[in-house]
There are 2 protein chains.
Amino acid sequence: MDVRTLCLAVLYQGEASGYEIKKAFQEGAFSHFQDASFGSIYPALGRLSSEGLVECTQMAQEKRPDKKVYKLTQSGEDSLITSLLTPPTPDKFTSDFFFVLYFAELLPLPQVIKLVDQRISFYQEIIERMTTCDPAALPTGRRLCHGLGLTVYQNSLAYLEENKERFIAELRSQNTIHTSSDPDTNRTQIETNRHIS
Amino acid sequence: MDVRTLCLAVLYQGEASGYEIKKAFQEGAFSHFQDASFGSIYPALGRLSSEGLVECTQMAQEKRPDKKVYKLTQSGEDSLITSLLTPPTPDKFTSDFFFVLYFAELLPLPQVIKLVDQRISFYQEIIERMTTCDPAALPTGRRLCHGLGLTVYQNSLAYLEENKERFIAELRSQNTIHTSSDPDTNRTQIETNRHIS
DNA sequence: TTCAACATATATCAAGTCGATATATGTGAA
DNA sequence: TTCACATATATCGACTTGATATATGTTGAA
């Protein structure tokens with residue numbers, strides 16, 4: 001979804017500055033499935049302003065730098081709905097964790113263990129944050145989002161915890177790279193895995 | 001992860017052309033957690049070539065356009081390992097499905113039902129494709145990747161199937177937008193939801 | 001107390017990436 | 001036959017990211 005629509009979506013929840021819109025993607029409700037940087041938010045707000053989809057009020061006072069508060073117009077609301085009605089593009093998921101895990105055999109075992117442990121902590125923290133809010137208080141659509149997301153994290157955590165020990169034991173038993181710094185042994189290991197599909 | 005490393009990773013599995021590398025991200029093993037386009041793959045292969053991390057063999061014959069087959073060098077293998085050892089960046093997940101679902105109350109009910117049904121089919125198809133291969137045949141790292149990914153898809157599917165009817169019933173019962181095309185009714189609906197957190 | 005780290009707030013820029021498009025040919029199905 | 005699709009490389013405009021610049025307030029630890 002383009003950043004312009006993303007901004008409209010945040011502003012639909014209430015007026016906000018560019019800085020606050022960024023926070024919605026960093027810590028807020030949208031943080032799990034959308035993102036945008038300042039470099040795209042500020043230009044987007046400029047365009048939305050000139051097209052009349054948002055209105056900007058300059059808050060010159062404050063003890064901070066000027067704050068530009070943006071507010072959705074009726075035209076902006078219409079544009080948001082229209083965008084929501086267009087067929088959604090496929091999900092995009094990129095993960096270095098999965099990528100590194102894929103090549104676990106090539107890495108020192110302690111490194112792999114650390115990777116998995118960090119992942120477990122990562123899931124635990126997200127789950128804790130997500131379970132502090134009461135789902136019953138959410139509107140229907142948001143509640144399904146929340147429930148589906150939480151399910152994914154909980155089951156990922158459970159899977160990792162259930163398989164961690166077996167996984168590590170298997171890695172330990174099958175190669176020598178982890179206990180030796182002999183380059184020849186190393187090389188042999190790499191060659192061994194080379195053509196496994 | 002930068003596209004250069006991604007190319008090295010694909011080439012680690014065996015030599016390939018730019019076109020074939022693209023396919024690895026589109027249909028192959030990496031398709032679930034990494035992506036790259038021609039616009040980034042071809043320049044990356046050029047740089048990798050000039051840096052000696054890959055070797056290029058021009059296959060001039062064939063009945064097709066020239067095929068440039070790239071092969072990993074020792075230096076390229078070392079570079080891949082080094083990249084795998086650097087701390088992984090956080091996952092990135094963007095989903096229009098979640099985004100639209102979040103605003104389900106604002107949309108016509110048939111549209112929302114279609115969205116959920118398509119999602120269910122999407123999960124079913126992926127699960128079917130992933131369960132055709134035998135996980136026991138995979139190297140340890142790949143097997144954990146595969147298992148974790150499959151778990152996510154299976155549990156997402158189960159959650160949607162379990163909650164679909166209740167979700168739709170709830171949407172149907174709470175608003176009028178879905179059965180009326182009266183713009184005033186429409187507007188009222190939008191205002192009603194306006195400030196729900 | 002002081003001082004570093006962090007938060008608020010806007011904005012820009014180089015580098016990288018995507019999605020579409022161009023080019024050229026082969027294959028298979030309707 | 002003709003059209004859609006697959007193979008194959010390559011480029012380009014538009015967009016996005018991540019880092020950085022600028023300026024100030026707050027907070028907590030040494």
Side-chain angles (χ1 to χ4, degrees), chain A residues 1-7 10-11 15-28 30-31 33-50 54 56-70 83 86-94 96, chain B residues 1-7 10-11 15-28 30-31 34-51 54 56-70 83 86-94 96:
Chain A
M1 195 67 73
D2 57 296
V3 179
R4 289 168 72 254
T5 305
L6 256 32
C7 288
V10 176
L11 293 176
E15 50 180 48
S17 64
Y19 186 80
E20 286 162 340
I21 289 173
K22 179 82 205 298
K23 275 206 298 185
F25 296 119
Q26 211 132 59
E27 310 154 31
F30 293 104
S31 64
F33 51 85
Q34 293 293 342
D35 199 11
S37 64
F38 287 129
S40 55
I41 290 171
Y42 284 118
L45 288 171
R47 270 190 65 190
L48 289 170
S49 233
S50 70
V54 302
C56 177
T57 317
Q58 194 112 11
M59 313 284 268
Q61 65 287 36
E62 319 261 332
K63 295 175 183 175
R64 307 270 175 180
D66 278 14
K67 189 177 180 175
K68 291 182 189 172
V69 177
Y70 294 90
S83 296
T86 61
T89 60
D91 295 3
K92 283 174 203 166
F93 176 64
T94 56
D96 280 8
Chain B
M1 196 66 75
D2 56 298
V3 178
R4 289 168 70 255
T5 306
L6 257 30
C7 289
V10 175
L11 293 176
E15 50 181 46
S17 64
Y19 187 81
E20 287 162 340
I21 289 173
K22 179 79 206 300
K23 275 206 296 185
F25 296 119
Q26 211 133 60
E27 310 153 30
F30 292 104
S31 64
Q34 293 292 343
D35 199 13
S37 64
F38 288 129
S40 55
I41 291 172
Y42 284 118
L45 288 171
R47 271 191 62 190
L48 289 169
S49 231
S50 70
E51 289 169 15
V54 302
C56 177
T57 318
Q58 194 111 11
M59 312 285 267
Q61 65 285 35
E62 319 265 328
K63 296 174 182 176
R64 308 268 174 180
D66 278 14
K67 189 177 180 175
K68 292 182 187 169
V69 177
Y70 295 90
S83 297
T86 61
T89 60
D91 294 4
K92 282 175 202 164
F93 176 63
T94 57
D96 280 7

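Each chain gets a letter, A, B and so on, in the order its sequence line appears, and its residues count up from 1. For the numbers below, each heavy atom of this structure counts, side chains included, while hydrogens, waters and symmetry mates do not.
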Nucleotide [N], atom [atom2] - distance to [atom1] of [X] in whole Å:
X	N	atom1	atom2	value
Tyr19(B)	dT23(C)	OH	C1'	14 Å
Gln34(A)	dT16(D)	CD	C1'	14 Å
Glu20(A)	dT8(C)	CD	P	9 Å
Ile41(B)	dC18(C)	CD1	C1'	11 Å
Leu6(B)	dG16(C)	CG	C1'	14 Å
Lys92(B)	dG16(C)	NZ	P	14 Å
Glu27(B)	dC5(D)	CD	C1'	13 Å
Lys67(B)	dA6(D)	NZ	P	16 Å

If the cut-off is 4.0 Å, is [X] near the phosphate of [N], judged by side-chain N/O to OP1 or OP2?
X	N	value
Ser40(A)	dT17(D)	yes
Tyr42(A)	dT10(C)	yes
Ser17(B)	dT9(D)	yes
Lys23(A)	dA7(C)	no

Review point. Shortest non-hydrogen contact from Ala16(B) to Leu11(B)?
Key: N-CD2, 3.6 Å

Practice item. Would you please classify the geometry between the Phe30(A) ring and the Phe33(A) ring as parallel, tilted or perpendicular, with 30° and 60° separating the classes? Key: perpendicular

Review point. Met1(A) or Lys68(B): which one's nearest nucleotide on DNA chain D is closer to the 5' end?
Key: Lys68(B)

What contact category does [X] fall into here, base, sugar-phosphate, or nothing, at under 4.0 angstrom with non-hydrogen atoms?
X	result
Lys22(A)	nothing
Gly39(B)	base
Ser37(B)	base

Check your understanding: Got Tyr70(B) and Cys56(B) here, is their nearest side-chain heavy-atom distance under 4.5 Å?
Key -> yes

Review point. So how far is it from Ile41(B) CD1 to Leu48(B) CG, rounded to the nearest 0.5 Å?
Key: 11.5 Å

Review point. On the ring face of Tyr19(A), is Lys67(A) found with NZ or CZ under 6.0 Å from the centre and within 45° of the axis?
Key: no

Check your understanding: Out of dT9(D), dA9(C), dG16(C), which has the shortest distance to the side chain of Phe38(B)?
Key -> dT9(D)

